[in-house]
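Quick caveat, the model's predicted, so the values are computed rather than measured. Just so it is clear: chains get the letters A, B, ... in the order the sequence lines come, proteins before strands, and each one is counted from 1.
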Amino acid sequence: MSNKTKTTARPNYVSTTNACKLCTPLGASLAFRGVEGAIPFLHGSQGCATYMRRYIISHFREPVDIASSALGEKNAIYGGGPNLKKGILNVMKKYEPALVGVATTCLTETIGDDVPMNIKEFRAEFGEDLDLPELVQVSTPSYNGTHTDGWHGAVRSLVEQLCTTKADAAHRVNILPNMISCEDVRHLKDICRDFGIDATILPDISETLDGPSLEDYVKIPSGGTPIEGIKTMSGSKGTIEFGRCLPKETGGSSLEAAFGVKNHRIGLPMGLRESDRLFEALEDISGTPMPRRYELERGRLVDAYVDGHKYIFGKRAVVYGEEDLVVGLCAFLAEIGVDVVLAGTGARNKGLDEAIAAVTNGVARIAPEVREGVDFHDIAAEAETLAPDILIGHSKGYRYAKAWGVPLVRVGFPIHDRFGGQRTRHIGYGGTLNLFDRVVNAFIEKKQADSSIGYGYI
Amino acid sequence: MSTTILEERKDQIHRTGEGAIDIACNRESLAGAVSQRACVFCGSRVVLYPIADALHLVHGPIGCAVYTWDIRGSLSSGPEIHRLSFSTDLQETDVIFGGEKKLEAALDELIDRHDPEAAFVYSTCIVGLIGDDLEAVCRKMSEKKGIPVLPVMSEGFKGSKRAGYEAACNAMFRLIGTGSTEDISPVSVNIFGDFNLAGEIWIIREYFEKMGVQVVANVTGDGRVNDIARCHGAGLNLVQCSGATLHLAQLMEDKFGIPFERVSYLGIEDMADSLYKVADFFKDKDPGIVERTQKLVKEELEKLIPELARYRRDLEGKKVAMYVGGSFKAFSLVKAFRHLGMQVVLVGSQTGTKEDYAELAQITDPGTVIIDDANPLELSHFIKELDVDVFVGGVKERPIAFKLGVGFCDHNHERKEALEGFKGMLNFAREIHSSAMSPVWQFAPRRASRIAAAKKEAVNE
Ligand code: SF4
Ligand code: SF4
């Protein structure tokens, strides 16, 4: 069994066809949306904010207000600072936010707007007369990363710019959960509650991007990580951050460096073993053993693995999407005997191959082709020879799955052609069980549909 | 200090009947106001995207291309290159050293791979900044590849969507006049400004065929490069709705002397009027055309009217608000809703002009709110104040309506039901009906409490 994955650099990279990634400020906007009372603000021209809103709305089916400094031609030449300030003032007037999360766009990065300085000036100009919201900024040029970089960058900015003093020690854990679904966040909260430990989950999109039907249009949805919670992360007993492909410096690492809060970096808890790590970390930090409820969940997961193994053994999967989601999926698929023949992400230089090797070593039957910086054109070109039986990733792979006549199991973001992307559970034993059922059923459904007889019993 | 309507936006809102209308419009969106508007690039992309046998390459960082990947259901009866999303995906080094080389290489690769009839190259904000010479690269690649490679100067920050329409028209205008006009009937039209959402252009073409009118080019829904290249041979240009392609019609009138008519295929009157306009225009060349048109309209209406009446029974008196991209569409919709017995209480648009708004003030009932470049807070404010039953808008408006427990009809680029033509009117009525009459609204908190209160009152009485 080989444990070294094969990586090939993409030859002659010139253009993308049907990209498998999104742009940086989108990730930052999503992360800012997970803070209580916050409004994301894109410093750039109007189009970017509108496009991203549209894109996010189609997944979450929630109103998503993202402000923009709406730069025009003159601002592009003379600098966007004045519009940024005016924009923040207008947002304050209309939304009364507790926090404005300012992310740059390609435009303002290229013209070289100094946002930290603009914000400093803004504070000096208006701080005396007005009750200013927290202002957090992050630099997010899209020609330099993908939406996941924007997400992690925003999380780190929130931590570094808000949590600046050592808080009193408390029986609390910080969790930086990466780009998981609203339902995943809810699940995490339950887990922490059952462990009897307070958790600061940053960001917490469980309510802000999946809210109830309402009497009134709320300007900023309720929920989100409380700002006070972020400010006191320095007093927590430890931080758990999800992701094996994270940048070197993250919110978690900076809390460790500045305040000595121990950082537990684990993968996205998908599959049995990666979920075990989450529970181990929680046991470690809380000093409480795993509650029985999760022991049972774990046991049911193993039971399901056994019940379903024959339907899926040796099937060939193509997996794509956010780098850490791809790693998590590989960890899970390795455990159930599905061979990942191609694992791809649109991002670059994430160490995807090592991360996948680490979670599949000794379990997976084959080492997958690992591709960073792919688009769907590349995936399609590879898949011809790889002959997959299933695709697992977000809904943008639909046209390929359709063309190849194989099922697509939709996970992650965005899911634009199905309901409930925000309510899909992916993590922990429970989330894995969910995924397992969906994968097995996808094969059974296909078999049933393809069969001329049809089986009533499986 | 919270306010729903910012002082600086007050003159962009008007109520019919309350004094003379003088809406401020066509101005830049206010910073921080969360405008529903997009950018110049968006305008160009929207117009050109449906040309199905062309390569559409977005020169810029990845986002601009990703967010516009196959977002509208512009159907094609043949090739489908348009449904793929191509981008030069600029990286930092390109931004520093310029992206021309990469653009060239991308065109080289993609044209070989897809063999398109033409290529459109869209410039985005960043390209405008780094100063790539799109024109030069396109010229060079045109020569090398033997197909038209057309720059679309659509840097996002250079204005609103409207400026993008113009950029798109300018790009297309370079094609026009390059094809052969042989075998084009004198009784012929080009369909401008229809994007074949959900196959709508096929409905309209069928009407024209029945009238004996040849359709030379669809510009741009289900469009083909070669049709556009020879569309200067047509007798008349028909420009629909908000005039995304109005500029092109004007250019063609100036250069080729082809007249144009503004039309709308939405609703009963406007659809019929549009067909009669065409019949009228060609009646000297084809004396039978008026009669054929009358027959066609009569037959369609005989089918349609009784069916509409069934929906009207339920919908009578319900209130509608609409927020659309171009305002021309709003005129037709106001009339269409009258056929359903519904009352329009708010009309807004992203890019209306003074004249558009003046006309809206003419055709709407007193008290109707007219609004330019609205945003979520304003829209939700009016939905509540006016107690709207159905909202008509696009994807970004949908969750606002739904959150407040209000029915919604997608009348934007993303619609999946054909709403044009007589057939479309029926689909439209059906869709409005199925949303307005759904039992789900009684459970939405905004209505649920009202229903509960009404019940209580009934018990007390
Ligand atoms: S310009 Fe940059 S930030 Fe804006 S949409 Fe394009 S890629 Fe995203
Ligand atoms: S970068 Fe410019 S062109 Fe691209 S979406 Fe943003 S505003 Fe539009």
Side-chain angles (χ1 to χ4, degrees), chain A residues 14-19 21-23 25-26 41 44-55 57-58 61-73 75-76 83-84 86-96 106-107 110-111 141-144 211 213-217 219 396, chain B residues 1-4 6 28-39 41-42 57 61-69 84-92 94-95 102 105-106 109-110 125-126 129-130 156-159 376-377 380 384 395-396 398-400 402-405 444-446 449:
Chain A
V14 277
S15 65
T16 63
T17 301
N18 300 342
K21 62 180 174 182
L22 303 162
C23 74
L26 178 131
F41 188 113
S45 36
Q46 181 64 49
C48 310
T50 304
Y51 271 141
M52 285 178 223
R53 286 176 60 208
R54 187 213 147 269
Y55 203 85
I57 286 170
S58 292
R61 297 171 188 275
E62 286 286 305
V64 178
D65 292 5
I66 298 174
S68 160
S69 47
L71 300 185
E73 185 151 25
N75 315 111
N83 256 45
L84 174 60
K86 190 163 139 203
I88 296 175
L89 285 176
N90 279 333
V91 165
M92 283 164 57
K93 264 191 231 161
K94 287 188 55 149
Y95 286 85
E96 300 178 296
C106 302
L107 175 70
T110 310
I111 60 179
S142 253
Y143 42 78
N144 223 347
S213 183
L214 296 168
E215 182 100 23
D216 211 340
Y217 188 82
K219 300 184 171 184
K396 298 299 165 189
Chain B
M1 63 192 277
S2 155
T3 83
T4 301
L6 291 167
E28 278 177 18
S29 294
L30 188 59
V34 191
S35 166
Q36 308 288 85
R37 274 187 188 162
C39 60
F41 163 69
C42 174
L57 174 61
I62 198 66
C64 320
V66 166
Y67 303 130
T68 51
W69 175 12
L84 305 173
S85 165
F86 303 109
S87 166
T88 47
D89 192 0
L90 292 181
Q91 300 295 303
E92 188 156 29
D94 307 315
V95 173
K102 191 170 194 186
E109 173 189 73
L110 293 171
C125 286
I126 233 178
L129 288 176
I130 61 179
F157 58 78
K158 288 204 164 143
L377 292 188
S380 57
K384 281 182 295 166
V395 192
K396 292 187 299 295
R398 183 172 55 207
I400 300 171
F402 281 175
K403 224 6 106 183
L404 291 170
R446 222 166 59 81
S449 50

Checked A:Ala70, A:Pro63, A:Ala67 vs chain B; the most non-hydrogen pairs under 4.5 Å come from A:Pro63
Under a 4.5 Å cut-off applied to non-hydrogen side-chain atoms, are A:Thr110 and B:Glu92 in contact? no
So, do A:Ser15 and B:Glu109 sit near enough that their side-chain heavy atoms are less than 4.5 Å apart? yes
What verdict does the side-chain contact (heavy atoms from CB on, under 4.5 Å) test give for B:Arg446 and A:Asp216, after you've listed the backbone C-alpha separation in whole Å, the side-chain angles of each residue and the deciding distance to 0.1 Å? CA-CA 7 Å; B:Arg446 222 166 59 81; A:Asp216 211 340; over 6 Å; no
Is B:Ile126 close to A:Leu107 at the side-chain level, that is, under 4.5 Å between some pair of heavy atoms? no
Pairs of heavy atoms under 4.5 Å with chain B: top-ranked of A:Ala19, A:Ser142, A:Ala49: A:Ala19
Could you tell me if the side chain of A:Asn144 sits less than 4.5 Å from the side chain of B:Gln91, heavy atoms only? no
Top contributor to chain B contacts, counting heavy-atom pairs under 4.5 Å, from A:Arg53, A:Glu62, A:Lys86, A:Met52: A:Arg53
Turns out that what part of A:Thr17 lies under 4.5 Å from chain B's heavy atoms comes down to both
Qualifying residue for side-chain contact (heavy atoms from CB on, under 4.5 Å) with B:Val66, from A:Thr16, A:Leu26, A:Asn18, A:Leu22: A:Leu22
Rounded to the nearest 0.5 Å, what separation is found between the CG atom of A:Leu71 and the CZ atom of B:Phe157? 9.5 Å
Looking only at heavy atoms, what is the nearest atom pair of B:Ile62 and A:Lys21, with distance? CG1-CE, 3.9 Å
If we only count heavy atoms from C-beta on, is the A:Ser45 to B:Cys39 side-chain gap below 4.5 Å? no
Heavy-atom contact with chain B under 4.5 Å, split by part of A:Ile66: backbone
B:Val395 versus chain A, heavy atoms under 4.5 Å apart: side chain, backbone, both or neither? both
If every non-hydrogen atom of A:Ile57 is compared with every non-hydrogen atom of B:Pro399, which pair is closest and at what distance? CG2-CG, 3.5 Å
Would you compute the distance between atom NZ of B:Lys396 and atom OH of A:Tyr51 and round it to the nearest 0.5 angstrom? 9.0 Å
For the CD atom of A:Gln46 and the SG atom of B:Cys125, what is their distance to the nearest 0.5 Å? 11.0 Å
Is B:Ile400 in contact with chain A via its backbone, its side chain, both, or neither, using a 4.5 Å heavy-atom distance? both
Verdict with supporting geometry, A:Cys48 and B:Tyr67, side-chain contact (heavy atoms from CB on, under 4.5 Å): CA-CA 9 Å; A:Cys48 310; B:Tyr67 303 130; over 6 Å; no
Please report the closest heavy-atom contact between A:Asp65 and B:Pro376, naming both atoms and the distance. OD1-CG, 3.4 Å
Test your reading of the model: is there a side-chain donor-acceptor pair from B:Lys403 to the backbone of A:Glu215, 3.5 Å cut-off? no
Can you confirm whether A:Leu214 sits close enough to B:Leu404 that some side-chain heavy atom of one is under 4.5 Å from a side-chain heavy atom of the other? no
Does B:Asp94 form a side-chain contact (heavy atoms from CB on, under 4.5 Å) with A:Tyr143? I'd like the steps, not just the answer. CA-CA 9 Å; B:Asp94 307 315; A:Tyr143 42 78; over 6 Å; no
Would you say the side chain of A:Ser213 lies within less than 4.5 Å of the side chain of B:Phe402, judging by non-hydrogen atoms? no
